Q: 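Shown below is the structure under consideration.
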Amino acid sequence: GERGLRELADLGLLWQVEEDGRHRLSQSVIDLFNIARRDEIRRNVSVDLADRLKSLEESVASYRVARREASEVEEQQFLLRVEEQVYAFREILAAASRQLWQEINSEFGYVSTIELKLQENRRVIERARRLNDNLALVDYETLSGERFAGNNPQLRRLFLGSLAHALTSIRHELV
């Protein structure tokens, strides 16, 4: 009760509003909660390119097998799966880029001290650099090679048109 509130106030975690006698969280506790919330948001938009590319590569391989050995209907189902994965990949990358820009544009208003703002700024810049470095690994040669597009017109449209354009745009934003 009241003793617990007094102890928390003594620790500097709460302060008492004089007008109404109610307790409020200290700014440092609010900053800590906001940073934890931001970290959770960051985890939700993290992108594991290696896993996604491996999954895409497996779907392309399945599509190619279906193209050689299965019916046209099955082939179209496998192509649809590849298309869905490419579009989902584009959206996830765009969301990661948007999240970084939202944090930058917020001017880190969720923290109150200059030191914390600088720390958050360094963190966001490092995340943008890592994402950009990872995107550099998904180059034209990789996308045009046999693992992905190869000579197939539908796959070339997906990987060299749609995905390559999105990757270029996101890399440009990150730089």
Side-chain angles (χ1 to χ4, degrees), residues 4-18 22-60 81-145 147-149 158-175:
L5 291 174
R6 198 170 37 258
E7 288 175 7
L8 289 172
D10 290 344
L11 291 171
L13 301 175
L14 292 178
W15 56 276
Q16 191 168 10
V17 179
E18 301 209 3
R22 294 188 317 175
H23 288 86
R24 302 263 192 252
L25 291 173
S26 71
Q27 190 59 49
S28 60
V29 172
I30 291 170
D31 287 346
L32 184 63
F33 284 141
N34 283 331
I35 288 171
R37 186 175 61 82
R38 287 286 177 189
D39 285 343
E40 184 59 34
I41 290 169
R42 284 187 199 112
R43 277 192 291 279
N44 290 334
V45 297
S46 70
V47 178
D48 187 343
L49 292 176
D51 281 351
R52 292 198 176 274
L53 288 173
K54 183 70 177 161
S55 180
L56 259 171
E57 185 178 0
E58 290 166 356
S59 293
V60 167
R81 183 190 315 164
V82 173
E83 287 176 349
E84 288 170 351
Q85 285 180 291
V86 166
Y87 295 137
F89 190 33
R90 283 179 40 184
E91 286 304 310
I92 287 167
L93 291 172
S97 178
R98 275 193 308 270
Q99 175 64 36
L100 290 169
W101 277 107
Q102 285 172 353
E103 288 182 53
I104 291 166
N105 288 334
S106 76
E107 297 179 1
F108 312 108
Y110 51 90
V111 294
S112 61
T113 66
I114 294 295
E115 183 180 331
L116 285 173
K117 287 180 188 292
L118 290 171
Q119 179 182 340
E120 287 296 288
N121 186 51
R122 283 190 296 271
R123 227 180 261 152
V124 168
I125 288 171
E126 180 56 32
R127 284 180 38 235
R129 185 176 298 125
R130 271 195 322 269
L131 181 56
N132 198 38
D133 289 348
N134 284 325
L135 289 175
L137 301 175
V138 188
D139 58 8
Y140 185 85
E141 271 185 52
T142 302
L143 293 177
S144 66
R147 288 174 49 205
F148 296 104
L158 276 173
F159 287 102
L160 301 179
S162 179
L163 185 56
H165 177 72
L167 291 171
T168 300
S169 173
I170 291 165
R171 288 191 72 211
H172 185 265
E173 285 179 8
L174 292 173
V175 170

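Remember, predicted model here, so these are calculated numbers, not experimental data.
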Q: Output, in order, the C-alpha distance, side-chain angles, deciding distance and verdict of side chain to side chain contact (heavy atoms under 4.5 Å, CB included) for Thr168 and His172.
A: CA-CA 6 Å; Thr168 300; His172 185 265; 5.6 Å; no
Q: Compare every heavy atom of Ala128 with every heavy atom of Leu100, then report the nearest pair and how far apart it is.
A: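 Looking at all heavy atoms of both residues, the shortest contact is CD1-CA, 3.8 Å.
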Q: Closer than 4.0 angstrom, basic N to acidic O: yes or no for Lys117 and Glu120?
A: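 Here Lys117 does not pair with Glu120 in a salt bridge, since their nearest N and O are not under 4.0 Å apart.
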Q: Does any part of the side chain of Leu167, heavy atoms only, come nearer than 4.5 Å to the side chain of Asp139, both counted from C-beta?
A: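 No, every pair of side-chain atoms sits at 4.5 Å or beyond.
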Q: Enter the distance from Asn132:CG to Glu173:CD here, rounded to the nearest 0.5 Å.
A: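 Nearest 0.5 Å value for the CG-CD distance: 11.0 Å.
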Q: Between Ser169 (side chain only) and His165 (backbone N and O only), is there a donor and an acceptor less than 3.5 Å apart?
A: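 Pair absent, no side-chain N/O of Ser169 close to backbone of His165.
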Q: Shortest non-hydrogen contact from Leu56 to Val82?
A: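 Answer, listing the atom of Leu56 first, then Val82: CD2-O, 4.0 Å.
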Q: Let me confirm one number: the CD-NZ distance from Glu57 to Lys54, rounded to the nearest 0.5 Å.
A: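 If I round to the nearest 0.5 Å, the distance is 4.5 Å.
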Q: Which heavy atom of Ser144 sits nearest to which heavy atom of Ala149, and what is that distance?
A: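 So the two residues come closest at CA-CB, 4.1 Å.
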Q: Please determine, by modelled atom types, if Gln99 and Glu103 share a side-chain donor-acceptor pair under 3.5 angstrom.
A: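 There is such a pair (donor and acceptor under 3.5 Å, judged by atom type) between the side chains of Gln99 and Glu103.
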Q: Please report the interatomic distance CZ(Arg122) to CZ(Arg129), rounded to the nearest 0.5 Å.
A: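 These two atoms lie 12.0 Å from each other.
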Q: Is there side-chain contact between Leu163 and Phe148, with heavy atoms separated by less than 4.5 Å?
A: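 Contact flag for Leu163/Phe148 side chains = no.
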Q: What heavy-atom pair brings Ile170 and Arg90 nearest, and what distance separates the two atoms?
A: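 Looking at all heavy atoms of both residues, the closest pair is CD1-O, 4.3 Å.
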Q: So do Thr142 and Arg147 actually touch side chain to side chain, heavy atoms under 4.5 Å?
A: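 Contact flag for Arg147/Thr142 side chains = yes.
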Q: Does atom CD of Glu126 have more than 12 heavy-atom neighbours from other groups under 6.0 Å away?
A: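 For Glu126, atom CD is crowded (more than 12 foreign heavy atoms under 6.0 Å).
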Q: When you measure from the side chain of Ser97 to the backbone of Leu93, do you find a donor-acceptor pair of N or O atoms at a distance under 3.5 Å?
A: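 Judged by distance alone, no pair lies under 3.5 Å.
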Q: Taking the side chain from Asn134 and the backbone from Arg130, do they hold a donor-acceptor pair closer than 3.5 Å?
A: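 Confirmed, Asn134 side chain pairs with Arg130 backbone.
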